[in-house]
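What follows is one structure encoded as structure tokens, with my remarks underneath.
On a predicted model such as this, the values are computed, not experimentally measured, just so you know.
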Amino acid sequence: MKADGGAELLRLVHARVDPAAAEPTPDLVRTPDLSAIGPEGRTARTALALREAVGSAAESGTWTFLDHPMVALDVAGSPAFLEPDAVVVHPDGSWTVVEIKSFPMIDGAADAAKVGAAARQAAVYVLALEEVAARLDGVRVRDRIVLVCPKDFTNLPAASAVDVRKQLSVTRRQLTRLTRIEDIAAALPPGTVFDPGLPPERLSQAVESVPASYAPECLAACELGFHCRARSREAGAVTALGRPLRAELGGLTTVDAVLAAARGESGDPDNPTVAALRRAAALRQEALAR
């Protein structure tokens with residue numbers, strides 16, 4: 001797909017999203033070098049290449065093929081560095097994200113779940129590119145990405161234009177709802193530091209100063225999962241049994257409170273959750289008696 005300056009990839013982009021533009025012949029294609037030191041350097045080099053590509057498109061109507069550019073997206077006050085498979089700058093100066101996947105496109109259609117996942121991934125790239133485009137006048141990031149997959153079960157490529165406007169809207173809303181790092185840091189006790197270079201005693205004190213918010217899926221994603229699980233079990237928190245159960249139990253946040261409500265020792269009997277627990281306890285006692 002990316003051989004010969006991305007000739008095949010550009011042909012597919014031209015056919016799927018911009019057939020009215022001039023064909024991307026070799027004399028009309030630029031492939032800038034994006035190499036730099038570190039993610040910050042690569043991000044700056046990509047931004048410069050995009051700026052130059054827009055200028056070149058305005059002057060001579062050229063296409064620009066960016067192979068594995070790097071862009072940054074602000075996530076709750078912290079930069080997340082992202083690397084799309086490719087970005088194409090059209091002769092009109094607009095930008096298109098290209099996502100290359102290994103799942104097949106059979107008879108012109110691919111697995112809907114996999115296409116949806118690719119669209120959500122590409123939407124994040126589009127958002128990051130929009131932050132770059134905001135610093136340039138009149139530049140548009142297209143909300144239709146090009147998804148490239150193997151055609152049927154061959155090594156030939158097939159491409160489809162995928163509208164990601166819905167995914168863009170959802171991702172924007174999710175990003176605005178995230179708690180910013182500054183707000184999280186402000187809620188910590190004064191003097192709290194999580195430096196791995198600290199003596200074990202001080203680091204343990206810092207970790208213990210933050211309440212554990214554990215769920216079983218934490219074990220697969222966080223190095224502190226076992227620590228938080230132990231603290232949640234000590235506190236008898238129902239989140240240790242899973243978030244779905246926690247959502248069902250409403251205001252009953254500990255195992256002791258749940259058992260007391262089920263035994264009739266506490267809780268409002270008119271509360272649907274308490275009533276369901278007492279009914280379940282009665283059925284259990286009835287089953288054990290039999």
Side-chain angles (χ1 to χ4, degrees), residues 1-2 5-25 27-34 42-75 79-101 115-148 159-176:
M1 287 304 304
K2 296 182 178 181
E8 180 64 16
L9 186 145
L10 287 167
R11 183 188 67 79
L12 292 172
V13 172
H14 174 261
R16 294 294 179 270
V17 297
D18 200 3
E23 291 189 13
T25 55
D27 59 309
L28 290 178
V29 175
R30 298 174 64 253
T31 55
D33 181 14
L34 302 179
R42 291 184 59 196
T43 300
R45 181 69 189 89
T46 296
L48 177 60
L50 287 168
R51 189 179 302 112
E52 293 173 345
V54 172
S56 177
E59 292 176 4
S60 54
T62 58
W63 295 77
T64 301
F65 167 61
L66 280 71
D67 184 9
H68 280 292
M70 182 161 282
V71 290
L73 179 67
D74 183 275
V75 179
F81 295 101
L82 310 168
E83 189 176 11
D85 289 330
V87 172
V88 173
V89 180
H90 297 249
D92 63 358
S94 60
W95 306 346
T96 292
V97 171
V98 179
E99 193 64 22
I100 302 173
K101 294 298 184 184
V115 172
R120 289 190 295 272
Q121 179 182 349
V124 179
Y125 300 148
V126 172
L127 286 177
L129 284 168
E130 286 180 346
E131 293 187 2
V132 181
R135 297 190 286 270
L136 304 174
D137 292 332
V139 175
R140 175 172 63 99
V141 184
R142 294 177 179 244
D143 51 26
R144 295 175 72 209
I145 65 106
V146 174
L147 176 64
V148 181
S160 176
V162 179
D163 191 330
V164 296
R165 283 178 294 181
K166 178 180 178 181
Q167 290 80 2
L168 285 170
S169 176
V170 171
T171 307
R172 285 194 188 99
R173 184 169 64 253
Q174 290 173 335
L175 288 173
T176 57

Seminar exercise, completed: Contacts of Asp33 meeting side chain to side chain donor-acceptor pair (under 3.5 Å) (sequence neighbours excluded), chain-then-number -> Ser35
Exercise. Does Ser169 reach the main-chain N or O of Lys166 with its side chain, forming a donor-acceptor pair under 3.5 Å?
Worked result: no
Exercise. Where is the tightest heavy-atom contact between Arg144 and Ala161, given as atom of each residue plus distance?
Worked result: NH2-CB, 3.2 Å
Exercise. Which value, rounded to the nearest 0.5 Å, describes the distance between Leu73 atom CG and Thr43 atom OG1?
Worked result: 11.0 Å
Exercise. Asp67: what forms a salt bridge (Lys or Arg N to Asp or Glu O under 4.0 Å) with it, not counting sequence neighbours?
Worked result: Lys2
Exercise. Of the non-hydrogen atoms in Glu131 and Ala72, which two are nearest, and what is the gap between them?
Worked result: OE1-O, 3.5 Å
For this session: Decide yes or no for Leu48 and Arg51: does some side-chain heavy atom of the first lie under 4.5 Å from some side-chain heavy atom of the second?
Result: yes
Exercise. Of all heavy-atom pairs between Val75 and Ala80, which one has the smallest distance, and what is that distance?
Worked result: CG2-CB, 3.9 Å
For this session: Kindly compute the distance separating CZ (Phe65) from CG (Leu9), expressed to the nearest 0.5 Å.
Result: 5.5 Å
Seminar exercise, completed: Residues passing the side chain to side chain donor-acceptor pair (under 3.5 Å) test with Thr25, sequence neighbours excluded, are Asp27
For this session: Tell me, with the steps shown, if His14 and Val88 meet side chain to side chain contact (heavy atoms under 4.5 Å, CB included).
Result: CA-CA 10 Å; His14 174 261; Val88 173; over 6 Å; no
For this session: Go through the structure and list residues passing salt bridge (Lys or Arg N to Asp or Glu O under 4.0 Å) with Glu8, not counting sequence neighbours.
Result: Arg11
Problem set entry | Where Ile145 and Thr96 come nearest, the two heavy atoms and their spacing | CA-CG2, 4.5 Å
Problem set entry | Nearest non-hydrogen partners of Gly93 and Ala57, listed with the distance | N-CB, 4.0 Å
Exercise. Taking only residues two or more places apart in sequence or in another chain, which ones pass side chain to side chain contact (heavy atoms under 4.5 Å, CB included) with Leu168?
Worked result: Ala123, Val126, Leu127, Asp143, Val164, Arg172
For this session: Determine which pairs satisfy salt bridge (Lys or Arg N to Asp or Glu O under 4.0 Å) with at least one residue from residues 116-129, sequence neighbours left out, and list them in order.
Result: none
Seminar exercise, completed: By salt bridge (Lys or Arg N to Asp or Glu O under 4.0 Å), Glu52 pairs with (sequence neighbours left out) none
Problem set entry | Residue list, side chain to side chain contact (heavy atoms under 4.5 Å, CB included) with Ala49, at least two apart or on another chain | Pro32, Leu34, Arg45, Leu66
Seminar exercise, completed: Scanning both residues in full, the closest heavy-atom pair of Val29 with Pro24 reads CG2-O, 3.6 Å
For this session: Tell me, please, which residues at least two apart from Arg165 pass salt bridge (Lys or Arg N to Asp or Glu O under 4.0 Å).
Result: Asp163
Problem set entry | side chain to side chain contact (heavy atoms under 4.5 Å, CB included) assessment of His68 paired with Asp85 | CA-CA 5 Å; His68 280 292; Asp85 289 330; 3.8 Å; yes
Problem set entry | Thr62: side chain to side chain contact (heavy atoms under 4.5 Å, CB included) partners, not counting sequence neighbours | Leu28, Arg30, Ser56, Ser60
Exercise. Is the shortest heavy-atom distance from the side chain of Val87 to the side chain of Thr46 under 4.5 Å?
Worked result: no
Problem set entry | Between CZ on residue Arg42 and CZ on residue Phe81, distance to nearest 0.5 Å | 10.5 Å
For this session: Give the C-alpha distance, both sets of side-chain angles, the deciding distance and a yes or no for side chain to side chain contact (heavy atoms under 4.5 Å, CB included) between Val139 and Val132.
Result: CA-CA 9 Å; Val139 175; Val132 181; over 6 Å; no
Exercise. Taking only residues two or more places apart in sequence or in another chain, which ones pass side chain to side chain contact (heavy atoms under 4.5 Å, CB included) with Asp18?
Worked result: Ala21, Trp63, His90, Pro91, Arg142
